[in-house]
Amino acid sequence: MSRRLLVLGAGTAGTMIANRMRRALDARDWQITIVDKDDVHLYQPGFLFLPFGTYRPEQVRRSRHTLLADGIDLVLAGVEQIDAPASTVTLTDGRVLAYDQLVITTGTSPRPDQTPGMLGEEWRRSIFDFYTVEGATALHAGLHGFTGGRLVVHVTETPIKCPVAPLEFVFLADAWLRARGLRGRTELVLATPLSGAFTQPIASERLGSMLVERGIQVETDFLVEHVDDQAKALVSYDERQVPFDLLVTVPLNMGADVITRSGLGNELGYVGVDRHTLRSRAHPNVFAVGDAADLPTSKAGSVAHFAVETFVRNFALLADGHDPVDSFDGHANCFIETGHGKGLLIDFDYDTQPLPGTYPLPWVGPLRLLTETRANHLGKLAFRWLYWNALLPGRPIPLPAHMSMRGKDTTLLADAA
Ligand SMILES: Cc1cc2nc3c(=O)[nH]c(=O)nc-3n(C[C@H](O)[C@H](O)[C@H](O)COP(=O)(O)OP(=O)(O)OC[C@H]3O[C@@H](n4cnc5c(N)ncnc54)[C@H](O)[C@@H]3O)c2cc1C
């Protein structure tokens, strides 16, 4: 009898896994089923560009059916409950799916309902987000109606997916306002719970000085307690107020509710897994890959991609009770749009913070790390094509899954030590 591999969530990680595993596993031995609540796959990195009109909503969505290889069973229903001891999953329509191996790829979502006042009368009037396609589309209208005042970009709490996206938004907003002659009439503010622009010191210093150069104010260590939507101000636990005319917030990000309901998550609903094998620490036939996992690295599509490489190499061995042959290192790389047709790139893992250098080829590039270039911006734009046509179908991409120190300038590390 064939074995059953069940994947929950047909987003970035789930789609890649289903497609890669369909090629790697004999169809006579393994059935592959993937579940998602709807048939709309969203290219989330494109959300950043929707408010500025660079992309239109139809450019960031596709039917999930068109993205999955033959021989994969796509089930469209919500996941209601995971019973890990019984190895079954109950769907919202009442169906029960049994599995031999389970991969949780349910991602993370913005939760404005978790901050008092955020979802009040001003939601999508003067308070917006761009972490959903609806939010980014509403913000397009909000931004185009903005005539000056205080534009505040805000991060509620970390971790968030794509931790550089709020910085990208603030850089793009700066450039967009300048192009429209509105920058002189706008105070641009970044309110963040971090003590600097980013979590890692070398990148934080570089990005922090870019904010200063552009005249963007930064309100650090800002932990929002509530949003006063009458007074139009963010209010922090230490009673600081940040007034706004237009607020672009990144709400608290949380794992899927079903993870918490099923007793599989930490306080934010992320699944506890071994950081090198991605296997559940509690249930040996359960894995979590991508944003759903509680890994100490960024939540990003690139991380999902590199983690899938390790997952694919190890899966059949682990399922048969053997030792893994590969170990995930937390590898992440993120393009950072900085406005005016330029961008930055950062590359890091669990142990090494972003450093200057070249990527992907040591000393050649063509991309430069922690340096603003046009090539990095073009790389970010080219990524959308790569996502639909190579990454999701699981075609080989000549990028090493593990982070390399070759071509990286380590002198700054020595300076910091
Ligand atoms: C604004 C923005 C910009 C970004 N920019 C970048 C970038 O430049 N580079 C980068 O690498 N990453 C970027 N990301 C992050 C990237 O999109 C995510 O990290 C990536 O999609 C994670 O993949 P995933 O498979 O873990 O989760 P997702 O792709 O989010 O997939 C999760 C899936 O699970 C499904 N699901 C959840 N709960 C249930 C349930 N109960 N029942 C059924 N289905 C369920 C969802 O419908 C979804 O399809 C960005 C994200 C945002 C929001």
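Residues take their numbers from the sequence shown, with the count starting at 1. Order of listing sets the numbers, starting from 1, for every ligand and every atom in it.
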Ion pair [X]/[Y], N-O distance below 4.0 Å:
X: Arg150; Y: Asp245; answer: no
X: Arg4; Y: Asp73; answer: no
X: Asp38; Y: Arg61; answer: no
X: Arg124; Y: Asp129; answer: yes

Residue part near ligand 1, for Thr105, under 4.0 Å between non-hydrogen atoms
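Answer for Thr105: backbone.
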
Looking only at heavy atoms, is any part of Glu80 under 4.0 Å from ligand 1, and if so is it the side chain, the backbone, or both, or is it neither?
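No part of Glu80 comes within reach of ligand 1.
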
Shortest reach to atom 21 (O) of ligand 1 by a heavy atom, considering only Val79, Thr12, Leu91
Thr12

Selection from Leu8, Asp36, Asp257, Ile34 by shortest heavy-atom distance to atom 46 (C) of ligand 1
Asp36

Sub-4.0 Å atoms of ligand 1 with respect to non-hydrogen atoms of [X]:
X: Asp291; value: 18 (C), 19 (O), 20 (C), 22 (C), 26 (O)
X: Gly78; value: 42 (N), 43 (C)
X: Arg64; value: 47 (O), 49 (O)
X: Ala77; value: 43 (C)
X: Gly11; value: 25 (O), 29 (O), 31 (O), 33 (C), 49 (O)
X: Phe130; value: 1 (C)
X: Gly290; value: 26 (O)
X: Ala256; value: 38 (N)

Counterpart residues, side-chain contact (heavy atoms from CB on, under 4.5 Å), relative to Gln200 (two or more places apart)
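side-chain contact (heavy atoms from CB on, under 4.5 Å) check on Gln200 returns Phe198, Phe348, Gln353, Pro354.
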
For the side chain of [X] and the backbone of [Y], is there at least one donor-acceptor N/O pair under 3.5 Å apart?
X: Arg261; Y: Gln81; result: no
X: Glu80; Y: Thr90; result: no
X: Arg183; Y: Asp174; result: no
X: Asp229; Y: Lys232; result: no

Among protein heavy atoms, which lies nearest [atom], and at what distance?
atom: atom 6 (C) of ligand 1; answer: Cys162 SG, 3.3 Å
atom: atom 27 (O) of ligand 1; answer: Gly107 CA, 3.5 Å
atom: atom 15 (C) of ligand 1; answer: Gly301 N, 3.9 Å
atom: atom 8 (O) of ligand 1; answer: Lys380 NZ, 2.9 Å
atom: atom 25 (O) of ligand 1; answer: Ala13 N, 2.8 Å
atom: atom 37 (C) of ligand 1; answer: Thr106 O, 3.2 Å
atom: atom 9 (N) of ligand 1; answer: Pro45 CG, 4.2 Å
atom: atom 44 (N) of ligand 1; answer: Lys37 N, 3.4 Å

More than 12 heavy atoms of other groups within 6.0 Å of Arg368 CZ:
no

I want to know if ligand 1 touches [X] in the polar sense, i.e. an N/O pair below 3.5 angstrom.
X: Ser302; value: yes
X: Tyr131; value: no
X: Ala292; value: no
X: Val258; value: no
X: Gln44; value: yes

For residues 5-16, please give each side-chain donor-acceptor pair under 3.5 Å, one per line with the distance, not counting sequence neighbours.
residue: Thr12; atom: OG1; partner: Tyr387; partner atom: OH; Å: 2.8
residue: Thr15; atom: OG1; partner: Ala10; partner atom: O; Å: 3.1
residue: Thr15; atom: OG1; partner: Gly11; partner atom: O; Å: 2.7

From Asp29, Asp320, Asp100, residue fulfilling salt bridge (charged side-chain N to carboxylate O under 4.0 Å, His left out) relative to Arg3
Asp320

Can you confirm whether the side chains of Asp36 and His41 place a donor and an acceptor under 3.5 Å from each other?
no

Quick one: OG1 on Thr220 to CG on Leu194, what's the gap to the nearest 0.5 Å?
9.0 Å

Residue that, paired with His144, satisfies ring pair (Phe, Tyr, Trp, His ring centres under 6.0 Å) out of Trp176, Phe128, Phe52
Trp176

